[in-house]
Amino acid sequence: MDWFLQQFINGLALGSIYALIALGYTMVYGVLRFINFAHSDVLMLGAFAAYFIAPAAASIFGPQSYFGAFMVIMMAALICAAIGVTIEYLAYRPLRKRPKLTVLITAIGVSLFIEFTCQHKAVFGAETKPFPKLLPEQDFLLGGLTVNSNDLLVPLVTIMLLAVLWFIVQKTKIGTAMRAVSYNEQAASLMGVNVNRVITFTFAIGSALAAVAGILYAMKSPGIEPLMGIQPGLRAFIAAVLGGIGNLPGAALGGLVLGLLETFAGGIPSLSNYRDGIAFAILILILLFKPTGLLGKAQTEKV
Amino acid sequence: MLEVNNLTVQYGAIKALHGISLRVSQGEIVTLIGSNGAGKSTALRAISGLVRSAEGHITFDGQPITNLASHEIVQRGISHVPEGRMIFANLTVQENLKMGAYLRRDSDGIAQTMDYVFATFPRLREREKQVAGTLSGGEQQMLAIGRALMGQPKFLMLDEPSLGIAPILVKTIFEKIVEINREQKITILLVEQNAHRALDISHRGYVIETGRVILHDESKSLRTNPQVKSAYLGG
């Protein structure tokens with residue numbers, strides 16, 4: 001039972017991070033119908049932004065203060081929002097009327113460009129850097145388990161962000177416009193919606209979430225380096241597909257399911273080497289029986 | 001109010017419109033009739049900025065609007081109820097109507113217009129919280145028109161409002177179009193395959209064939225024109 005709970009908490013923390021990243025993939029897919037492969041690099045840039053801001057924040061607000069950590073996360077989110085918007089503006093917008101495959105390949109190009117530029121020694125360098133401790137970390141003894149305070153914090157932050165995102169998408173004007181654009185871009189523009197502005201907004205929100213996810217991921221990792229986004233990014237992309245690409249609750253659910261699967265498979269000593277294999281085998285099974293993903297609806301292609 | 005001069009639209013190598021010209025004055029109902037593929041819908045789509053025009057000029061209230069972005073054209077008071085209705089099937093009826101008022105900031109005014117839309121189409125009030133994808137074809141058409149009215153347009157373009165709708169509802173919808181024109185003083189440009197009904201309710205009409213205007217006149221003259229009678233009114 002203790003083992004189960006322990007794995008559950010770990011899986012929840014990991015899954016929450018996947019969920020935050022997956023939301024960015026699925027939101028962009030919703031409005032533009034392509035996978036923004038550079039999303040995983042925005043996550044990495046978020047972690048690096050925090051890495052560089054953290055010392056300044058520590059000297060102003062004191063080391064490992066909650067408020068300081070909050071400021072670091074906010075700043076990194078803002079920086080990444082700007083980066084995401086810039087990527088869209090420079091790389092994707094000029095290709096708006098081109099086939100989706102062109103945009104998809106461009107996205108891969110942008111991703112490689114960011115990764116290898118950042119590896120250059122004049123930028124971040126390829127070596128792993130220790131990520132600063134942003135928060136006072138504590139291990140709790142809960143019954144028979146040891147729980148790290150960060151592992152509790154991660155799902156909490158995720159739930160808060162999900163609530164904010166839900167509110168934006170369901171209750172605000174720009175959120176309704178996002179849903180309208182995602183359903184039918186032409187019809188939305190006939191309502192007076194500036195579609196480009198909605199797309200910019202979508203990239204800003206998605207990238208800000210990626211920044212938060214990048215920082216949370218870095219807090220759990222031994223260190224950060226320019227290729228750190230690839231692994232969680234790939235998993236989050238799969239989580240988005242698992243949940244039903246384009247579907248926001250689906251992305252969150254997909255992230256949690258994948259995180260839990262991975263953690264439980266990894267937690268059984270004799271199976272831990274096969275954890276990805278097991279997780280992805282289950283994934284393939286789910287998609288075999290429900291190709292549209294857990295919460296996705298079959299959509300007929302509109303002409 | 002609306003003036004279209006020598007408008008040409010090309011889809012790739014194919015010309016859909018070969019320089020058509022038309023004019024709609026304040027308060028009128030003008031109809032474009034013609035067979036499938038004649039270019040009627042393309043004309044509306046060019047006016048509302050959904051397709052680019054290769055040549056020609058469009059002016060609205062004296063201002064050029066040729067090749068502006070759709071959202072800028074809406075802002076000037078032109079609403080387009082497109083072919084196939086294009087309602088947001090994933091949003092509720094109420095959310096669809098609110099989308100129609102996207103550019104408005106006056107929440108009291110929006111509520112008033114919504115009341116007016118509900119009074120015009122009582123069926124929509126009954127379905128207010130329902131997801132629009134669950135509505136019948138006729139109800140979706142009412143929603144599409146209601147949604148366009150939410151923006152308080154000066155000029156309303158309707159593309160095939162009778163398409164795929166139960167005959168009993170077609171009658172209602174045409175009555176409502178006349179009512180909107182008379183009571184709300186909204187100028188209307190109507191594209192219809194059902195030439196009978198279109199000429200019944202309109203003041204003037206243009207006949208379009210393969211991307212050209214071949215005839216235009218008062219609707220009552222068109223109704224008795226032998227050419228129109230044989231081609232579009234079934235003898």
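Chain A is the first sequence line, chain B the second, and so forth, proteins listed ahead of strands; every chain is numbered from 1.
The distance from the CZ atom of A:Arg179 to the CE atom of B:Met99 is 9.5 Å, given to the nearest 0.5 Å.
Here the options are A:Leu190, A:Asn194, A:Asn196, the test is side-chain contact (heavy atoms from CB on, under 4.5 Å), and the partner is B:His71; only A:Asn194 passes.
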Show which side-chain atoms of residues 206-215 of chain A pair as donor or acceptor with protein atoms under 3.5 Å away, not counting sequence neighbours.
unit_1: A:Ser207; atom_1: OG; unit_2: A:Phe203; atom_2: O; d: 2.7

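The minimum heavy-atom distance linking A:Tyr183 with B:Phe88 is given by the pair CD2-CA, 3.8 Å. Of all heavy-atom pairs spanning A:Gln170 and B:Glu95, the tightest one is O-OE2, 4.2 Å.
With chain A as the partner, the residue from B:Ala89, B:Gly84, B:Ala101, B:Pro82 showing the most heavy-atom pairs under 4.5 Å is B:Ala89. Between chain A and the residues B:Glu72, B:Lys98, B:Arg85, B:Arg147, the most heavy-atom pairs under 4.5 angstrom are made by B:Arg147.
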With side chain to side chain contact (heavy atoms under 4.5 Å, CB included) as the criterion, how do A:Ser189 and B:Val74 come out once you've worked through the C-alpha distance, each side chain's angles and the decisive distance to 0.1 Å? CA-CA 8 Å; A:Ser189 70; B:Val74 183; over 6 Å; no

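Using a 4.5 Å cut-off on side-chain heavy atoms (C-beta onward), B:Met150 and A:Met191 make no contact.
Heavy-atom contacts from other residues, nucleotides or ligands closer than 6.0 Å to CZ of A:Arg98 number 12 or fewer. Annotation: A:Met75, atom CE; neighbour count of heavy atoms from other residues, nucleotides and ligands within 6.0 Å does not exceed 12. Within 6.0 Å of NE2 on B:His18 lie more than 12 heavy atoms contributed by other residues, nucleotides or ligands.
Looking at B:Ile87, the atoms closer than 4.5 Å to chain A (heavy atoms on both sides) all sit in the backbone: N, CA, C or O. Interface remark: B:Arg45 contributes side-chain atoms only to the contact with chain A (heavy atom separation under 4.5 Å).
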